[in-house]
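One structure is given here, and the rest of the page talks about it.
In what follows, residues are counted from 1 in the order of the sequence shown.
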Amino acid sequence: ILCCNDPHPSQFWKGVMWAMKAVKLGYKWSVGNGRSVRFWEDIWFGNSPLATQFWDLYCIVNDKNKTIADTWDGDILRISFRRNFDDRLMEQWYQLVEIASSLTLTNDTDALIWQLENKGVYSTSSLYHVINFRGVQPVFIPSVWKLKIPPKIHVFLWLLANNKLMTRDNLRKRQIIKPLECVFCSEAETCSHLFFDCVVSRQIWPLVLNHFGVDTGTDFESVARLWIANKKHSALNTANAAVLWCIWKYRNSMIFNNTLWTSIKQVMRLILKTIKNWVILSSDGAAGRLEAFSTHLATDLRQPLMISG
């Protein structure tokens with residue numbers, strides 16, 4: 001089946017081929033000795049390959065289809081590239097190293113598990129679900145992977161949860177000398193400061209509170225505690241993820257693209273655009289709440305800026 005080269009397959013064969021792709025999507029690797037799992041191309045971290053998450057790096061890597069055992073020795077990530085990095089790619093490289101550092105290789109054989117069931121065992125009902133939703137199905141544990149957001153954002157939140165994002169303080173730990181000041185203000189940049197204590201983040205989080213009526217954004221715990229109740233807080237979790245991602249994305253745009261700061265509305269517009277793009281990933285009820293939040297944001301954007309004390 002997988003070797004079928006018919007350029008004009010019937011509808012039946014198209015359905016069979018899509019089902020095979022869905023089966024592949026449903027499995028992920030539980031890494032043991034790392035000898036059977038490809039570092040870039042197989043799914044072993046999150047719910048998509050690292051080649052997808054770090055596409056810009058993957059495009060310039062010299063050796064593809066290498067196993068984890070060939071790539072990671074528990075201390076050094078043995079990967080070479082066709083050209084040197086700019087600052088943006090270097091930051092992605094550091095994040096990739098942090099992900100590799102979370103691995104502990106053992107003497108056990110690598111094993112495939114079915115990631116769409118809690119027990120890791122294949123079931124036709126879970127395959128039916130992933131086919132119906134065209135592959136948009138996060139893995140079950142840990143809680144961050146349940147959120148109805150793109151896989152790239154799952155990885156971003158995992159890095160944030162483990163304090164592995166390349167903020168200025170974490171770059172300094174790697175002996176990378178950069179100014180310690182936050183790009184939005186004069187305070188020292190840490191994950192906690194950038195996403196929760198900075199003057200910019202403190203203006204954004206009340207927008208979420210005013211619409212959803214839940215006080216999030218005071219600190220990381222106030223956001224992450226809702227992940228374990230994602231069925232109840234699905235729309236809010238997506239909105240929170242959008243806020244975190246857009247703060248990070250705009251921060252990076254100012255650093256790497258020399259984007260100028262004019263007002264908080266720049267970040268608000270980015271959040272509005274992001275949520276509109278993510279609505280399709282949510283169920284009907286959560287999607288409706290996200291659309292209502294988008295309307296709320298659009299209304300706020302039409303209002304004149306207020307001077308906060």
Side-chain angles (χ1 to χ4, degrees), residues 39-41 45-64 66 71-72 76-102 144 149-196 198 200-201 204 241-262 264 266-274 277-278:
F39 180 83
W40 288 103
E41 293 85 5
F45 179 84
N47 65 348
S48 60
L50 291 180
T52 302
Q53 308 306 330
F54 296 91
W55 180 252
D56 291 341
L57 293 180
Y58 183 68
C59 285
I60 60 173
V61 72
N62 282 320
D63 298 316
K64 297 175 180 175
K66 291 289 187 179
T71 305
W72 174 249
I76 298 174
L77 198 53
R78 298 189 294 267
I79 301 176
S80 62
F81 298 88
R82 294 195 297 272
R83 63 177 176 84
N84 294 330
F85 292 166
D86 56 19
D87 286 347
R88 180 182 62 84
L89 288 178
M90 183 60 71
E91 184 169 298
Q92 291 185 29
W93 167 252
Y94 290 141
Q95 292 175 357
L96 186 66
V97 171
E98 293 292 353
I99 290 173
S101 299
S102 69
V144 66
I149 53 180
K152 181 177 182 179
I153 313 304
H154 285 138
V155 175
F156 162 73
L157 291 179
W158 183 90
L159 290 165
L160 173 60
N162 289 278
N163 193 27
K164 294 180 182 293
L165 283 176
M166 289 298 107
T167 47
R168 297 296 176 85
D169 63 322
N170 284 334
L171 285 171
R172 184 63 63 94
K173 292 173 186 176
R174 290 184 166 274
Q175 308 303 314
I176 306 299
I177 306 303
K178 297 285 184 180
L180 285 175
E181 291 78 13
C182 170
V183 296
F184 298 124
C185 66
S186 59
E187 300 293 326
E189 184 189 77
T190 64
C191 282
S192 178
H193 168 79
L194 178 63
F195 295 108
F196 305 106
C198 178
V200 169
S201 57
I204 294 294
V243 169
L244 293 168
W245 173 245
C246 290
I247 290 173
W248 180 248
K249 189 173 182 179
Y250 202 86
R251 173 259 193 200
N252 288 344
S253 183
M254 292 179 67
I255 292 174
F256 302 123
N257 301 329
N258 296 317
T259 300
L260 297 177
W261 175 265
T262 57
I264 194 66
Q266 294 165 286
V267 183
M268 292 170 63
R269 291 189 188 97
L270 187 57
I271 294 170
L272 176 61
K273 179 180 178 181
T274 299
N277 289 338
W278 293 359

### Query
Between Asp169 and Thr167, is any side-chain donor less than 3.5 angstrom from a side-chain acceptor?
yes
### Side-chain (Thr259) to main-chain (Ser253) donor-acceptor, under 3.5 angstrom
yes
### Query
Heavy atoms, side chains only, cut-off 4.5 Å: are Tyr94 and Ile176 in contact?
yes
## Note on the structure
Between the CG atom in Leu171 and the CG atom in Leu180, the distance rounded to the nearest 0.5 Å is 9.5 Å
### Task
Decide yes or no on side-chain contact (heavy atoms from CB on, under 4.5 Å) for Ser201 and Leu194, but give the supporting numbers first.
CA-CA 7 Å; Ser201 57; Leu194 178 63; over 6 Å; no
### Task
Identify the heavy atoms of Asn170 and Leu165 that sit nearest to each other, and give their distance.
ND2-O, 2.7 Å
### Query
Any chance NZ of Lys64 has more than 12 other-residue heavy atoms, nucleotides or ligands included, within less than 6.0 Å?
yes
### Distance in Å, Ser101 OG paired with Ile76 CD1, rounded so as to fall on 0.5 Å steps
11.0 Å
### Query
Between Trp40 and Phe81, what is the ring plane arrangement, given parallel below 30°, perpendicular above 60°, and tilted in between?
perpendicular
### Message
With ring-ring contact (aromatic ring centres under 6.0 Å, His included) as the criterion, how do Phe39 and Trp72 come out once you've worked through the C-alpha distance, each side chain's angles and the decisive distance to 0.1 Å?
### Response
CA-CA 9 Å; Phe39 180 83; Trp72 174 249; 8.5 Å; no
### Message
Lys273 vs Cys246, test: side-chain contact (heavy atoms from CB on, under 4.5 Å). Steps then yes/no.
### Response
CA-CA 10 Å; Lys273 179 180 178 181; Cys246 290; over 6 Å; no
### Query
Just how far is it from atom NZ of Lys164 to atom CD of Gln95, taken to the nearest 0.5 Å?
11.5 Å
### More than 12 heavy atoms of other groups within 6.0 Å of Trp261 CH2
yes
### Minimum heavy-atom distance between Val97 and Arg174, given as atom pair plus value
CG1-NH2, 3.6 Å
### Query
Would you say Leu159 and Ile99 make side-chain contact, with heavy atoms under 4.5 Å?
yes
### Query
Is a side-chain donor or acceptor of Asp87 paired with a backbone partner of Phe256 at a separation under 3.5 angstrom?
no
#### Entry: Qualifying side-chain hydrogen bond (donor to acceptor under 3.5 Å, both in side chains) pairs, either residue in residues 181-190, two or more places apart
Glu189-Arg251
### Message
Can you classify the ring geometry of Phe195 versus Trp248 as parallel (below 30°), tilted (30 to 60°) or perpendicular (above 60°)?
### Response
tilted
### Query
What are the two closest heavy atoms between Val61 and Arg82, and how far apart are they?
O-NH1, 3.4 Å
### Summary
Value for NE2 (His154) from CD1 (Ile149), rounded to nearest 0.5 Å, stands at 4.0 Å
### For the student: nearest non-hydrogen atoms of Leu260 and Tyr250, plus distance
O-OH, 3.2 Å
### Summary
When every non-hydrogen atom of Val144 is compared with those of Trp158, the smallest separation belongs to CG2-N, 4.4 Å
### Query
Closest heavy-atom contact between Tyr58 and Glu41?
OH-OE2, 2.8 Å
### Message
Quick one, Met166 with Glu98, criterion side-chain contact (heavy atoms from CB on, under 4.5 Å). Give me CA distance, side-chain angles, the key distance, then yes/no.
### Response
CA-CA 10 Å; Met166 289 298 107; Glu98 293 292 353; 4.1 Å; yes
### Task
Would you check if there is a donor-acceptor pair between the side chains of Lys249 and Asn252 at a distance under 3.5 Å?
no
### Query
Would you say Asp86's side chain and Arg88's backbone share a donor-acceptor pair under 3.5 angstrom?
yes
### Heavy-atom check, side chain of Trp245 versus side chain of Leu270, under 4.5 Å
no
### Task
Check whether any side-chain N or O of Arg168 sits under 3.5 Å from a backbone N or O of Pro179 as a donor-acceptor pair, and report yes or no.
yes
### Sub-4.5 Å side-chain heavy-atom contact between Ile79 and Leu57
no
### Task
List the steps, then state whether side-chain contact (heavy atoms from CB on, under 4.5 Å) holds for Phe196 with Leu244.
CA-CA 9 Å; Phe196 305 106; Leu244 293 168; 4.1 Å; yes
### Message
Holding to side-chain hydrogen bond (donor to acceptor under 3.5 Å, both in side chains), I want the full list of residues that pass it with Asn84, two or more places apart in sequence or in another chain.
### Response
none
